[in-house]
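See below for the structure under consideration.
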2 protein chains.
Amino acid sequence: MTTAKTDAFELTVSRAAAFAKALAHPARIQILQVLARKKTCVCGEVVSELPLAQSTVSQHLKALKQAGLITGEIDGPAVCYCIDARAFNSIRKEFVSILDSITADVDCC
Amino acid sequence: MTTAKTDAFELTVSRAAAFAKALAHPARIQILQVLARKKTCVCGEVVSELPLAQSTVSQHLKALKQAGLITGEIDGPAVCYCIDARAFNSIRKEFVSILDSITADVDCC
DNA sequence: TTATATCATCGTATATTTACGATAAACGAT
DNA sequence: ATCGTTTATCGTAAATATACGATGATATAA
């Protein structure tokens with residue numbers, strides 16, 4: 001009785017909320033920035049770029065992966081993380097279109 | 001030792017994360033949609049449009065207000081909520097520009 | 001003044017989030 | 001086989017978030 005009632009809402013709205021939730025922590029946004037900037041698909045370098053412990057960064061990476069925004073493939077002893085460009089852009093587009101629909105209608109007050 | 005370390009990140013990143021956090025629940029997105037759609041600044045009608053208890057909706061409204069996305073002014077016994085169009089668009093623009101900067105650089109994998 | 005309506009807040013319960021250290025698991029190198 | 005590196009997971013602790021009913025506060029109406 002305390003879980004988010006995401007079932008009771010429209011699917012597009014729930015998906016947009018899930019996307020927002022994935023970006024709802026500065027560490028995860030910065031991780032995406034790092035992954036986007038580095039041309040090679042660096043993995044653990046992410047940790048050294050963040051002011052957080054390795055285990056904490058790993059948790060954030062897991063959250064981003066579960067949100068479908070990044071992928072991680074094993075590369076020797078390391079793991080190579082990448083933005084899933086296709087999925088990211090798709091979800092992002094849906095999110096932004098919801099934002100647009102909101103701002104477009106604002107004319108009260 | 002469990003609070004989000006938002007201080008340790010760039011301000012723009014932290015602000016973007018705060019914006020995302022405000023939208024990280026379907027109820028809050030739907031509230032914004034309702035406020036945007038209704039031309040008059042309806043207040044408690046929001047409650048009747050959502051599948052949640054009045055107190056819960058009130059909490060979500062509070063969260064949106066604290067995020068600076070909506071305003072609420074007393075109108076008789078009722079309270080009139082409105083999207084703060086200026087603030088909303090400003091924060092939204094900053095957020096989207098961060099999204100754009102991420103997607104623009106994606107060419108790994 | 002006394003209701004009635006509207007909304008916020010309180011109290012409460014539970015789940016989730018955030019963070020860290022410690023440990024386990026997987027791999028390459030010696 | 002053993003060691004070092006890298007990453008994930010476990011265990012744990014504390015803060016937040018989510019949800020609801022009950023109660024309080026405020027303003028209009030009677």
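Lettering of chains follows the sequences in order, A, B, ..., and the numbering in each one begins at 1.
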### Query
Can you find a pair of side-chain heavy atoms, one from A/Leu23 and one from B/Phe19, that are under 4.5 Å apart?
no

### Query
Between B/Gln66 (CD) and D/dT18 (P), how many Å, whole number?
13 Å

### Task
Hey, could you give me each pair passing side-chain hydrogen bond (donor to acceptor under 3.5 Å, both in side chains) that has a residue in residues 21-32 of chain B? Not counting sequence neighbours.
B/Arg28-B/His60

### Summary
Heavy atoms of B/Ile83 and B/Leu35 approach each other most closely as CG1-CB, 3.9 Å

### Query
Taking CG from A/Leu23 and P from C/dT17, how many angstroms apart are they, rounded to a whole number?
14 Å

### Task
Would you mind reading off the distance between B/Lys21 atom NZ and D/dA17 atom P, rounded to a whole angstrom?
4 Å

### DNA chain D contacts made by residues 47-59 of chain A, counting heavy atoms under 4.0 Å
A/Gln54, A/Ser55, A/Ser58

## Note on the structure
By side chain to side chain donor-acceptor pair (under 3.5 Å), A/Glu10 pairs with (sequence neighbours left out) none

### Query
Is A/Lys65 touching bases, backbone alone, or none of the nucleic acid, heavy atoms closer than 4.0 Å?
nothing

#### Entry: Atom-pair distance (CG on B/Leu64; C1' on D/dA17), nearest Å
14 Å

### Message
I'd like to know whether B/Arg92 forms a salt bridge (charged side-chain N to carboxylate O under 4.0 Å, His left out) with A/Asp100, so could you lay out the CA-CA distance, the side-chain angles of the two residues, the decisive distance to 0.1 Å, and finally the verdict.
### Response
CA-CA 10 Å; B/Arg92 169 190 168 286; A/Asp100 288 342; 2.2 Å; yes

#### Entry: Any B/Lys62 side-chain nitrogen or oxygen under 4.0 Å from OP1 or OP2 of C/dC7
no

### Task
Please name all residues satisfying side chain to side chain donor-acceptor pair (under 3.5 Å) with A/Glu94, sequence neighbours left out, ordered by chain then number.
A/Arg15

#### Entry: Earlier contact from the 5' end, DNA chain D, for B/Ala27 and B/Gly76
B/Ala27

### Side-chain N,O (B/His60) to OP1/OP2 (D/dA17) below 4.0 Å
no

### Task
Check for a donor-acceptor pair, side chain of A/Ser14 on one end and backbone N or O of A/Leu11 on the other, with a separation under 3.5 Å.
no

### Task
Find the runs of at least 3 consecutive base pairs, i with j, i+1 with j-1 and so on, that include DNA chain C, using Watson-Crick or G-U wobble geometry with both distances under 3.5 Å.
C:1-30 with D:1-30

### Query
Given the rule in the side-chain contact (heavy atoms from CB on, under 4.5 Å) test, do B/Thr103 and B/Leu99 qualify, once you have shown the distances and angles that lead to the verdict?
CA-CA 6 Å; B/Thr103 56; B/Leu99 281 190; 5.6 Å; no

#### Entry: For atom CG of A/Leu61 and atom P of C/dT18, their distance in whole Å
13 Å

### Summary
A/Ile74 atom CD1 is separated from D/dT9 atom C1', nearest whole Å, by 14 Å

Pair up each side-chain donor or acceptor in residues 51-59 of chain A with any protein partner under 3.5 Å, not counting sequence neighbours, and list the distances.
none

